[in-house]
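In what follows, every chain begins at residue 1, and chains take the letters A, B, ... in the order their sequences are listed.
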Amino acid sequence: MLTVRSLLLALLLLSALAVARTRDLLSAAVIFAGYSLIMATVWQQLRAPDIALAEAAIGAGITSLLFIVTVARTGRYEK
Amino acid sequence: MDDLVLKVVARVIIPFIQVYGLYVVLHGHLSPGGGFAGGVILAGGFILYALAYGRPALDSLLPDRLAALLESGGVLWYTGLGLVGLLTGSAFLANARAGFPLGVPGRLFSGGIVFLLNLGIGLKVAATISTLFRNLQEEE
Amino acid sequence: MVQNLEYIAAMLLYVTGLGIMLFHSNLIKKIIGMNIMETAVFLIFIAAGYVRGGQPPIALPGEPLLLPVNPLPQALILTGLVVSVSITAYALALLREIYRHFGTLDAAEIARRKGELT
Amino acid sequence: MTTHLVVLPILVLLVAALILPLVREPRRASLIGVSALAAAFLLWLALAFLVMRQGAISYHLGGWPPPVGIEVIADKLAVFFGLTVFLVAIPTAVFAGVDMPAEAPEPALSSFWTLYLLLVLSLLGLAQAGDLFNMYVFLEISSLAACALVAVVNRPANVEAAFKYLLLSTVGSGCVLLAIALLYMITGQLNLAFLARELEHQAPLYPKNVIGAGTFLLVGLGVKAAIFPLHTWLPDAHASAPSPASALLSGLVVKVYVVVMVRIVWGTLGRAFFTLLPFKSVLLLLATISIFLASILAMAQTDLKRMLAYSTVAQMGYIFLGLAAGSRTAFAGAILHIFNHALLKGALFLAAGAVIWRTGRRRLAELVGVGHTCPLTLSFFAIAALGMVGIPGTSGFVSKWFLLVGMLQQSSPLLAWVVLISSLLNAAYYFPVIILGFFGHGTDNELRFHLDRIPPELLLPAGSLALVSLFFGLWPSFPLHLAQDIAHDFFL
């Protein structure tokens with residue numbers, strides 16, 4: 001139990017750092033989708049299924065989609 | 001955006017997405033989820049439709065005017081249900097006290113007002129998220 | 001200790017998000033940073049309502065809830081999630097207009113071009 | 001039935017705001033907007049009457065009592081701020097009905113009215129919220145609606161300012177939410193009354209949580225209320241927004257966060273909080289810097305609305321100064337200043353908007369001699385500006401007088417000097433506009449004196465705000481007594 005949770009939290013941190021590192025905005029958006037998915041699992045671990053469902057639908061689904069649509073219209077690389 | 005694989009897969013998947021979204025909306029008072037999460041899933045189906053079949057297809061399915069109507073109507077429905085409680089002499093958003101039947105716990109038609117509220121929210125959220133996507137994707 | 005794990009992770013995430021917001025001049029990155037920061041706050045809140053070995057706060061007929069986790073923070077955070085997606089969507093819509101007007105999403109570059117405008 | 005009055009004004013505005021997106025015709029939209037505001041105002045007056053007669057009313061949403069249910073309260077603070085909101089929002093709405101079509105393209109108009117009503121209802125909701133949950137929801141509605149109002153006009157400066165505002169105010173909301181989380185962690189309550197009761201026992205046990213909550217609360221609300229190091233978004237946003245939106249943002253929106261701060265910090269966190277961390281001293285310091293820095297920057301501005309925006313930062317400084325000075329008189333003065341500054345700044349922005357509508361100019365250098373083209377408008381501007389400076393007989397004088405007396409009672413002459421010197425600074429940037437406007441010779445040769453060719457829908461709102469503030473300067477007893485009652489309830 002403890003290992004699962006610490007692993008998930010470590011993954012969360014890693015993906016946040018990966019978002020900070022990458023200069024490719026499209027991959028930043030995709031990593032952020034992964035981040036949201038891990039977050040949804042963490043919510044599930046914390047016995048918050050409502051939020052887990054919403055996070056999976058919103059964070060991993062809609063928000064990432066909106067990011068990708070915007071990146072597609074404005075240019076892919078950070079200067 | 002003229003990909004046969006995408007179109008076929010979308011045609012198979014979209015009904016499942018919509019049914020799941022409706023399930024989450026309608027079972028909001030029984031299981032995890034509710035109007036908001038379910039509405040987003042419903043909108044996900046619409047967005048996939050737009051991605052596979054193009055914007056005009058979505059526009060004919062869900063015209064701007066209808067989306068605006070659903071957006072306002074969903075919340076007006078919510079407020080109206082709340083006002084029922086107020087008019088029956090209880091408080092705003094009162095449930096059983098305002099005379100809504102609570103039904104048998106665990107059944108689909110139970111929980112009184114909550115079921116109806118979720119329905120309004122689900123429709124509103126589905127319309128709003130689709131509109132958001134459309135506005136962002138809009139060609140100039 | 002078990003609960004502290006979440007708090008520590010949330011704090012680190014908060015700092016990471018803030019760092020992305022402050023040190024990246026690309027506006028899309030700033031919005032992603034903002035989102036990370038918000039989820040960190042949510043994590044703290046939910047962890048505060050968590051009970052060790054608790055059950056989800058959903059009552060099923062015939063099964064009494066022995067030890068539910070606190071549902072109040074979950075309701076608040078669900079609202080927060082809704083708010084954060086609307087803010088993100090609105091910010092992205094603004095970004096589109098910014099790109100249309102300035103032709104770039106780089107904060108420093110925008111500041112320079114705004115200086116030229118006036 | 002009468003207790004439903006607590007939620008009815010908000011509901012009326014909500015329903016109107018939801019119907020408005022379906023209305024295509026701009027004239028009808030403005031008519032619906034103004035009449036919804038008027039109806040809500042009448043309901044609010046009835047509520048105010050009720051509260052004045054029988055004291056605070058608590059309303060439980062859905063009939064669920066707190067701590068589980070959502071509590072909406074109508075006490076004197078809520079009623080006082082609500083009256084301020086309506087007194088500014090209704091004239092501004094009338095003004096917007098004519099001014100907005102000139103500033104924004106057609107499709108933006110219906111969303112303008114929806115946002116306007118949402119903003120007003122979120123202000124009422126914030127003033128009435130009885131628990132942190134509700135407060136957070138309305139906090140987010142207000143900041144989103146305010147940002148959207150700035151960007152309703154799609155010009156480069158507007159979009160950029162709105163983005164900056166949105167980013168900063170989201171960080172602010174995040175900080176407030178973090179503060180709520182820290183308080184919730186030790187008390188397990190979100191309802192303000194229950195939280196206050198619980199905190200008395202818990203605060204000594206968990207001082208770090210309380211200190212953290214206070215810091216994040218100060219930062220979060222400080223961003224939104226534009227206190228010194230966190231004010232950078234305000235001049236851009238308030239100067240670029242369309243004039244009616246500027247009046248609303250500068251007059252009301254920044255102040256609602258002061259009301260929230262009074263309710264949370266003074267009303268809930270209480271004495272334990274002030275002993276645990278130097279909240280008041282920090283607030284005093286930041287407020288003093290705010291006042292001086294913003295006044296000096298206001299003098300350096302070349303744009304009329306930008307100057308007014310900087311003046312707002314300075315005036316917010318007075319309010320925080322009065323709250324933190326540690327004297328009940330100064331506290332009442334600060335509360336009164338919320339009311340007075342809302343009316344005055346509303347009048348100033350509307351008058352400025354009318355001048356811009358008529359002449360199309362907003363740079364101070366081009367506005368020399370504008371008193372020849374718009375004498376009435378500039379007179380209203382002058383009345384409100386005199387109130388800002390605090391000339392005796394104007395409403396600004398009353399609140400500054402109470403601030404001053406409070407500081408002297410507290411035997412802190414240094415703070416009294418802050419108020420006095422900064423008033424001179426105010427004069428230094430307001431007077432040149434008026435004097436050059438009336439007596440300067442403009443670039444064009446329109447020296448012939450004639451009355452303003454401005455439609456009454458633009459002239460009357462600015463005039464009524466200026467004259468109402470003048471009235472409350474000469475007969476201040478009503479708002480003053482209300483402010484003193486609030487100080488009696490909340491001062492610590």
*Using non-hydrogen atoms only, which part of F163(D) is less than 4.5 Å away from chain C: side chain, backbone, both, or neither?*
both

*Proximity breakdown for A75(C) and chain D, heavy-atom pairs closer than 4.5 Å*: both

_Whether over 12 other heavy atoms sit under 6.0 Å from F194(D) CZ_ = yes

*For side chain to side chain contact (heavy atoms under 4.5 Å, CB included), just list the numbers for I44(C) and M185(D), CA-CA rounded to whole Å, side-chain angles, deciding distance to a tenth of an Å, and then say yes or no.*
CA-CA 9 Å; I44(C) 289 184; M185(D) 236 184 250; 3.5 Å; yes

_Please classify the contact of L132(D) with chain C as side chain, backbone, both or neither, using a heavy-atom distance under 4.5 Å._
neither

*Which pair of non-hydrogen atoms, one from E160(D) and one from I98(C), has the smallest distance, and what is that distance?*
CA-CD1, 4.3 Å

_Smallest separation among heavy atoms of A148(D) and Y90(C), with atom names_ = CA-OH, 3.0 Å

_Between CD on residue E97(C) and CG on residue N154(D), distance to nearest 0.5 Å_ = 4.0 Å

*CG on L167(D) to CE on M21(C), rounded to 0.5 Å*: 3.5 Å

*Which value, rounded to the nearest 0.5 Å, describes the distance between L178(D) atom CG and M37(C) atom CE?*
8.5 Å

*Using non-hydrogen atoms and a 4.5 Å limit, figure out which bit of N158(D) sits close to chain C: side chain, backbone, both or neither.*
neither

*Which answer fits F133(D), side chain, backbone, both or neither, if we ask what part of it has an atom under 4.5 Å from a heavy atom of chain C?*
both

_R155(D) to H101(C) - nearest heavy-atom pair and separation_ = C-NE2, 3.9 Å

_Looking at every heavy atom in both L94(C) and A151(D), which two are closest together, and how far apart are they?_
CD2-CB, 3.7 Å

*Could you tell me which portion of F216(D) (side chain, backbone, both or neither) has an atom closer than 4.5 angstrom to a non-hydrogen atom of chain C?*
side chain

*Within a strict 4.5 Å, meaning less than it, do heavy atoms of the V159(D) and F102(C) side chains meet?*
no

_Would I87(C) and E140(D) count as a side chain to side chain contact (heavy atoms under 4.5 Å, CB included) here? Give the steps._
CA-CA 9 Å; I87(C) 286 177; E140(D) 295 285 18; 3.7 Å; yes

*Winner by heavy-atom pair count (cut-off under 4.5 Å) against chain C, out of V137(D), I180(D), I141(D)*: I180(D)

_The test is side chain to side chain contact (heavy atoms under 4.5 Å, CB included); show your working for Y184(D) and L76(C) and say whether it passes._
CA-CA 12 Å; Y184(D) 178 81; L76(C) 182 60; over 6 Å; no

